[in-house]
Every structure is written in C-alpha cells, then in structure tokens.
Colleague: 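Quick one: the structure is below, and I'll ask about it shortly.
These numbers were taken from a predicted model, which means no experiment stands behind them. In what follows, chains carry the letters A, B, and so on, assigned in the order in which the sequence lines appear, proteins first and then strands, with residues in each chain numbered from 1.
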There are 4 protein chains.
Amino acid sequence: MARKRRPAARPEEILDAALAVFTEMGFAGARVEDIATRAGLSKGAVYVYFDSKHAILTALVRRLADRVIGAAEALVEAGAAVSAEQTLRSLLGFIAVQMSDPKISAAPRLVIAESQRFPEIGAMYRDVVLARVRRLIARILEKGIAQGAFRDVAPEVLLRLCGGPIVAHMFLTTVFADPDAPGPAPDVIAKGIADMVLNGLKVRQETAT
Amino acid sequence: MARKRRPAARPEEILDAALAVFTEMGFAGARVEDIATRAGLSKGAVYVYFDSKHAILTALVRRLADRVIGAAEALVEAGAAVSAEQTLRSLLGFIAVQMSDPKISAAPRLVIAESQRFPEIGAMYRDVVLARVRRLIARILEKGIAQGAFRDVAPEVLLRLCGGPIVAHMFLTTVFADPDAPGPAPDVIAKGIADMVLNGLKVRQETAT
Amino acid sequence: MARKRRPAARPEEILDAALAVFTEMGFAGARVEDIATRAGLSKGAVYVYFDSKHAILTALVRRLADRVIGAAEALVEAGAAVSAEQTLRSLLGFIAVQMSDPKISAAPRLVIAESQRFPEIGAMYRDVVLARVRRLIARILEKGIAQGAFRDVAPEVLLRLCGGPIVAHMFLTTVFADPDAPGPAPDVIAKGIADMVLNGLKVRQETAT
Amino acid sequence: MARKRRPAARPEEILDAALAVFTEMGFAGARVEDIATRAGLSKGAVYVYFDSKHAILTALVRRLADRVIGAAEALVEAGAAVSAEQTLRSLLGFIAVQMSDPKISAAPRLVIAESQRFPEIGAMYRDVVLARVRRLIARILEKGIAQGAFRDVAPEVLLRLCGGPIVAHMFLTTVFADPDAPGPAPDVIAKGIADMVLNGLKVRQETAT
DNA sequence: TATGAATGAGACTTCATTCAT
DNA sequence: TATGAATGAAGTCTCATTCAT
C-alpha cells in the first residue's frame, strides 16, 4: 500500500469515512477497519488520529452538529433586524432542510442510538448542541414577546414545539422511510410546520397578520 | 431454585427482562445471558422461546408499542361523541404521559437505535405502529375539519406537529436528561403542547373559543 | 470439534497446558489459543474457566508452588524428632531435587519474569510462597540453636544461604544451561551445598561431628 | 528542542533510556517509543542505532554485566597479594553491593525474564558473563586450596554457594520486596553471607582464625 | 541522521448460538 | 424444557518496524 502524506487532512478524511460507515451500518455494526479502508488508510493509522472507535463517534457528532448550529446561530444573528416571526420561519426552514440531509441528521440519530451505552455522548450533545439551540429559541421568543407578536409561552414548550416536528420529520424520512411512499419535500413540510406553530390548528377569524 | 413458574408465562418474563436490560445497556450492550439471568433462566432456555437476540427485540418492541397504541385507539374511539379538539387534547396528553415512562419510550428509542443495522425493525415499526398513529391523527383531523373546528392542514404535517413535540420531550427527558436540571412534568408539557398546537404562537384577539 | 464434558477436570487441564506453553514460549509469547489447543479446547472455552491470560498464570504459579511448599512443610513437620541438621539436609535435598524439575521451577521463573510488569504476582508469590519458606527456615534454625547445634545467625541470612544456591543451581541448569556441558546432578549439588552450608569453606580441625 | 548532543553518544543514551524503561515495565511491556522519548529521540531514530528492540536488550545486558564483571576481575587481580579468604570476602561484598542497585541487577533479571522466549540471550549471558564469574571463583578457590586455607570443594558448588545468596538477596529486595518490611542492608547481608560461606552453620570450637 | 506517519500482523477478549445431557 | 459447557467468529486495539521526506 502506498504511503501517502497528508497529515493535516487525515482527521477530516477519517471523519468523513466514519460518517459514511456509521450511517450504513450503525456505530456498533461499523468496524474500524471499514472506516480505515474507506479513508484509504490502514487500520492502525486510524488509531494515530483517534484514541478509539468511540472517540471517532464523538468527534464526528461534534463536527456535524457544530456546522449546523453555527449556521443557525449566524442566521438568527442576521435576523436581528427583521421580525421575530420571520426569524423563526427562517430558522425552522433552515433546520428542516438541514435535517433532511441524512448526512447531517446522522449526528442526532447516532447520539440517540448510542447514548444508552455511552451516556457521555448524550451529555456532550446536550451541553454542546442542545444548549445552543435552547439559547436560540429563547432569544427569538423573548424578542417576539417584547414586540408583542408572540404569546408568552414557556421556552421549553416552544423548544419542543419547534424542534419536535423537525426531528419527527427527520425520523419519518430516514429511519421509518417507506420506499413506496416518499414523504413531502422538506421545504413544504417546513412551511407547514411554521404556519401551524405560528397559527395553531384552530379555525378563527384572523384579526392580525 | 424455585422453579414454580408456569412455562406459558416464560416468553413474557423474558420480554420483561429484556426490556430492563435493553433499557440499561442498549441492544448491542445487552447480553443474552443478562436477560436470561434476570428472567431466572439459563442462557440456553431463552433460545427455546426466541430464535435470536434480535427476535427478542422485535417481539419486545411490538408488545410495548401495541399496548400504547391500542389504548390510544380506544381513547379516540371513545371520543367519538366529544369535539375533535377535546379528542386531540386527550390523545396528546395520553401519549405524552405514556412516553414519559422510560419503560415505554424504550421501544421507539431501541427501534431508532437499531434500525440502521436492522432495517426490518424500522419497517416493522412503521407498518405496525406508525401506520396506526397516522390513521388516528387522520381521523381526528377529518372530523375536526368536518366540524369546522380545524383548519384544513395536511395530515402529514399534523402528524409531525403532534407527535414531534412529544417525541422531543421524550428524548429530552431520557437520552438528554440533565441530572442537574430536571425538566417540566409531562402533564404540564402536554397541556402546553396542546395549547400551542391548537392556538399557535401568535398573539391575536380570540374571536372564538 | 467434539464437545466433551468433563467440567471438573478442565481447570487442571488448562493449567497443565498453560505450564507447557508458558515454559516453551514465556508468558508474553504464549497465546491463549496455544493453551486452549493443547488442552483440547477452543479459545473461548478457556475463558469459561479463567478471566484472563493473566489469571491463568497466577493460578498456575499458586498451584505449582503450593505443591512443593506443602510437601516441604510436611517434611519439616516429620523431622521434628531428628536433629536440626538432619532436617535441614533433608529440606535442602528435597527442594534442590524439586527445583531441578523444569516443570516445577517454571513457577519462580515465570514470577520473576513477569513481576516487573505485574507487580501483584510478585507480591502474591512473596505472601503465599516465600512467607512459608521463611517460616520453615526460621523453625529449623531456632531448633538448631536451641539444641546447641547451630550458630546464632540471622534467619534472613540463612534463608539466603540455603535458598540462594538452590535457586542459582536452578537457573544454571535451565535458563543458562549449556547443552555441551551438562552440570552436576541435583543430589550431588544438594549434598555439596548442605555440606558447605553446615561446615563452611574454611579448613579446620573438626572438634565436633 | 536543544539538539546539541554529539551523535556519537546516542547509543549510550538509548541504552540508558532502555534500562530505565525496561526496569519499569519489563521488556515486553516497554515500547520502543518510550525508550526513544526518554532518550530525546524519535522512534525511527532508534532504529538507526539498533536493529531491533531485542538488539537493544542484548546490548544493554552486555554493557551492564561487563561493567560489574570487569570491576570484579580487577578486584580479584588486585587481591593477588592477600589471602584467598580476604579476596573472597572482598568479591562477595562488592558483588552484593552492586547487585543491590536495581539499575545493575536489572541485567540478570531481564535475562532471566526473556531467555525463555529468546534463548540466545541466555546463552550470551552464560558465555559472556557467567563464564567470567566461574573463572574468578575457580581462581580464588584454587589459590585458597593451595594455601591450605580452603577445603577442596567442587568449583561448581562454590559458585552456587557464593553467587546464589547474592542473587537471592537481589530478588528478595527487588522482585519480592515487601514495601512494609524493608530487608537488611546489603553490606550487613554481605558480611553475614561471607561469614557463613566461610565458617558454615555448625557450632564448633574454633582452632584457627 | 532524523522524523513520525503509516503499516499490518496479531493478541486478547467477548458473545450469540449450539448441543449433549 | 432446561442446562451450561463449548464453539468460533469477530472486533478493538497495540506496537515493532519501515520508509518517504
């Protein structure tokens, strides 16, 4: 086997390979050798960069989540000027589209799958990812309430109401996807969710936009 | 070694034991011997009742889900007389409370965790469990629309909007539970979710109840 | 492979096999599979009886040492009636002959070889084996002094003076054996050692037997 | 990274590092990288100076033993004028003190530990070290007999009687050291051993000094 | 000479599963 | 039905050694 030399890129390559393998076989079903092969390395080389298979998972989840959350934060930041409703719609749409990409939704799925066995990974996700999402939701909510646009609901409820449908959609289109009946497109769903989150299910005569 | 149990009860006992063990260590981390021991049997005896470790998981999920869905169906059935809104509130509350029990929420968590490796279990859950939930949601929605109480939203959207927050809550209180910051009680959350699902986030002058 | 059934004898068989393999390849060089094969078992079966390769070593050393020390103690016990000199001669001869058997001397050699890496095994040998040898030497010495037959030397010195030459002989005939120049027979050496331990190297006119 | 060392000193530095690492972790437990790091080199550089990990061990043992034996030979040489007894006492004392230094006794311990797996190292030690010790003992014995001071014992017996107690003492204070019960000082033991080797254990009326 | 990334053989250990009893 | 000893296939991780730079 050729001995190449691209030290700087290696960890990223390994993580890319790991994402593919974990997505295909799950964490437990994935073999380090599979990851190594897909990264164009030998088994041992993987251990030069990561201490254990588990460390690969942790790094992978962290990287995947960080990208999406970082972008989401930027998006909310950028929405400072517009209405809270508009910001919420943007955020919901962005996350929904992101989470429809199996390469990205792999992160929470892996975390959920493995955190029974390795509780630290659940804790990491909670502290690194969810905490930031919580902050985002809380900020938008506060602003909306201050503007008189939103009802004064509990942030924890809004978190569940915004995040839940997206997560549910993600599961329904990955884990529980029916090959015969493909679900609706993510942006359609995102709009539907946003409309309902904002307006609710009940019929009424709208007195405000 | 008191061996006074009726053999007929064995499979149930094994499933009870499996639930406990899977919940504690995850599917991959659970050993058949652990299950056997907890069921008061020897390893080999388990194989008299189940073909494989995997068959245990499938049977367990089926049983857990069946119980909850069956009850939910009964509840909706019973709600034929009342308003669609009331039925939906009841359903949401029931599922939220059920899913707050780790022994029950173990089913979807296990399915999500394992279906990457064993897609059949995801398919089974979709066909056996989710299909019934879809039917329930669709029925309530149709009725609500017919009564002029609900807006005409897509059932797939409502499914995500109703199921998602509950699933999210479940994950937040199991997988991502922060021991230092216990979340809100399930019935509080259920009411909050129901209020928001029905009324939305936006402030408005109510013109109808 | 045939599945036999002799549970009771298995641990002993594994230990016998382990002795052979450890003697041939050293502890580090021995593979559990080698031991298993020689014991007529599969690799996995070994782990039914021992927790680890290391546990095999510990059990083996304990067993080997226990046999010899037990016999030595019986011998000293039996020598209660005879003179201390006679008892010491018997003991020296017995140990020398025993230690000339590579199957038996394997124990201290393995302990010495591995205790750098696994200090507990050195501690175990010290507490289980050497402590008993110390007691034996101390008892004989006390008796000899009481009888007026022995000089009043420190037990620790006598321990070294009696045990050392035997250990040295063992090493010279195992680890450092020269295939071209076989050393003297163990009983000849034992007698020589005993004579010298008792009489010393210096020429003198004997005034007592 | 001060790299001011003269390349010529490298092998010595590597051996010094190897001694420390082997002493701490044993040969099998030592990693070449550990040795390299302690020597202030990279793993690969070690292989510039030594063909293999094993070659390091061999060179190390050779060096350690050579130093001690060389000094011992000089000591015996210097004792040409004095009595055989005095020479023997000096030699015993010198070796006992040397062997009480774990850095020096590491050599025989490593040889004993590894020669099961690598018989050549045992052979090397026998031919390079033990042969010289044998010659030393034989020379002193011959002289003592010629002077009428020593009894006519077999050199092989004397070798064991002189070397054995010292080796035993070495093991008792290294491998089998009880942290709670430190043994006697080496010079005390050396004198005790010399006294006994020369005078024996039996009580007698001394008729000569 | 020196580096250190990469290799690749191999070892221990774990279990799901089988089967003689 | 039940046992539990036994199997055997895997899998993670380690490390001596090599080699391009």
Side-chain angles (χ1 to χ4, degrees), chain A residues 1-8 10 28-36 39-56, chain B residues 1 3 5-8 10 28-37 40-56, chain C residues 1-8 10 28-36 39-56, chain D residues 1 3 5-8 10 28-37 40-56:
Chain A
M1 302 272 155
R3 269 163 205 249
K4 302 186 196 144
R5 215 155 237 269
R6 267 177 308 163
R10 278 291 140 76
R31 294 177 316 174
V32 172
E33 184 153 30
D34 297 334
I35 299 172
L41 288 168
S42 71
K43 212 187 336 178
V46 171
Y47 284 92
V48 172
Y49 298 97
F50 295 95
D51 284 344
S52 66
K53 183 185 174 185
H54 199 244
I56 298 175
Chain B
M1 317 236 170
R3 211 185 292 166
R5 289 184 220 85
R6 319 114 302 253
R10 284 285 148 79
R31 290 177 315 174
V32 173
E33 183 153 29
D34 296 335
I35 298 172
T37 303
L41 286 168
S42 72
K43 216 185 335 180
V46 169
Y47 284 87
V48 172
Y49 299 98
F50 294 94
D51 284 344
S52 67
K53 182 185 175 184
H54 200 244
I56 298 175
Chain C
M1 301 273 154
R3 269 163 204 249
K4 301 185 197 149
R5 216 155 236 267
R6 267 178 308 163
R10 279 291 140 76
R31 292 177 317 174
V32 172
E33 185 153 31
D34 296 334
I35 298 172
L41 287 169
S42 71
K43 214 186 334 177
V46 170
Y47 284 90
V48 172
Y49 299 97
F50 294 95
D51 284 343
S52 67
K53 183 184 175 184
H54 199 243
I56 298 176
Chain D
M1 317 235 168
R3 211 186 292 164
R5 288 184 220 85
R6 317 113 304 248
R10 282 287 148 79
R31 289 176 315 172
V32 172
E33 183 153 29
D34 296 335
I35 298 172
T37 302
L41 286 168
S42 73
K43 215 187 334 180
V46 169
Y47 283 87
V48 172
Y49 300 98
F50 295 94
D51 284 344
S52 67
K53 183 184 175 185
H54 200 244
I56 298 175

Colleague: Identify which nucleotide among dA2(E), dT17(F), dA2(F) has an atom closest to any side-chain atom of Val32(D), counting heavy atoms from C-beta outward.
Modeller: dT17(F)
Colleague: Which heavy-atom pair separates Ala28(A) from Lys53(A) by the least distance, and what is that distance?
Modeller: O-NZ, 3.5 Å
Colleague: Could you tell me how far apart Lys53(D) (NZ) and dT14(F) (P) are, to the nearest whole angstrom?
Modeller: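 After rounding, the reported distance stands at 15 Å.
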Colleague: Under 4.0 Å, counting only non-hydrogen atoms across every strand here, what does Ala30(C) touch: a base, just sugar-phosphate, or nothing?
Modeller: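 The residue Ala30(C) makes sugar-phosphate contact but no base contact.
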Colleague: On DNA chain F, check which nucleotide each of Gly44(B) and Glu33(A) is closest to and give me the residue with the more 5' one.
Modeller: Gly44(B)
Colleague: Could you please name the option among dT3(E), dC13(F), dT7(E) that lies closest to any side-chain atom of Ala45(A)?
Modeller: dT7(E)
Colleague: Would you kindly give the OH-to-C1' distance between Tyr49(B) and dT17(E), to the nearest whole Å?
Modeller: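 Whole-Å distance recorded here is 18 Å.
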Colleague: Starting from the 5' end of DNA chain F, give me the residue, Lys43(C) or Tyr47(A), whose nearest nucleotide shows up first.
Modeller: Lys43(C)
Colleague: Please give, in whole Å, the distance from dC15(F) P to Arg31(D) CZ?
Modeller: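 So the two atoms are 5 Å apart, to the nearest Å.
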Colleague: Among dG8(E), dC13(F), dT3(F), which nucleotide has an atom closest to any side-chain atom of Ser52(A)?
Modeller: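 Of the options given, the side chain of Ser52(A) lies nearest dC13(F).
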Colleague: What is the distance from CZ of Phe50(C) to C1' of dA5(F), rounded to the nearest Å?
Modeller: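 Between C1' of dA5(F) and CZ of Phe50(C): 15 Å.
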Colleague: Could I get the full list of side chain to side chain contact (heavy atoms under 4.5 Å, CB included) partners for Tyr47(D), not counting sequence neighbours?
Modeller: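 Side chain to side chain contact (heavy atoms under 4.5 Å, CB included) check on Tyr47(D) returns Val32(D).
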Colleague: From NE2 of His54(B) over to C1' of dC15(E), roughly how many Å is that when rounded to an integer?
Modeller: 16 Å
Colleague: Where are the stems of DNA chain F, defined as at least 3 consecutive Watson-Crick or wobble G-U pairs with both distances under 3.5 Å?
Modeller: E:2-21 with F:2-21
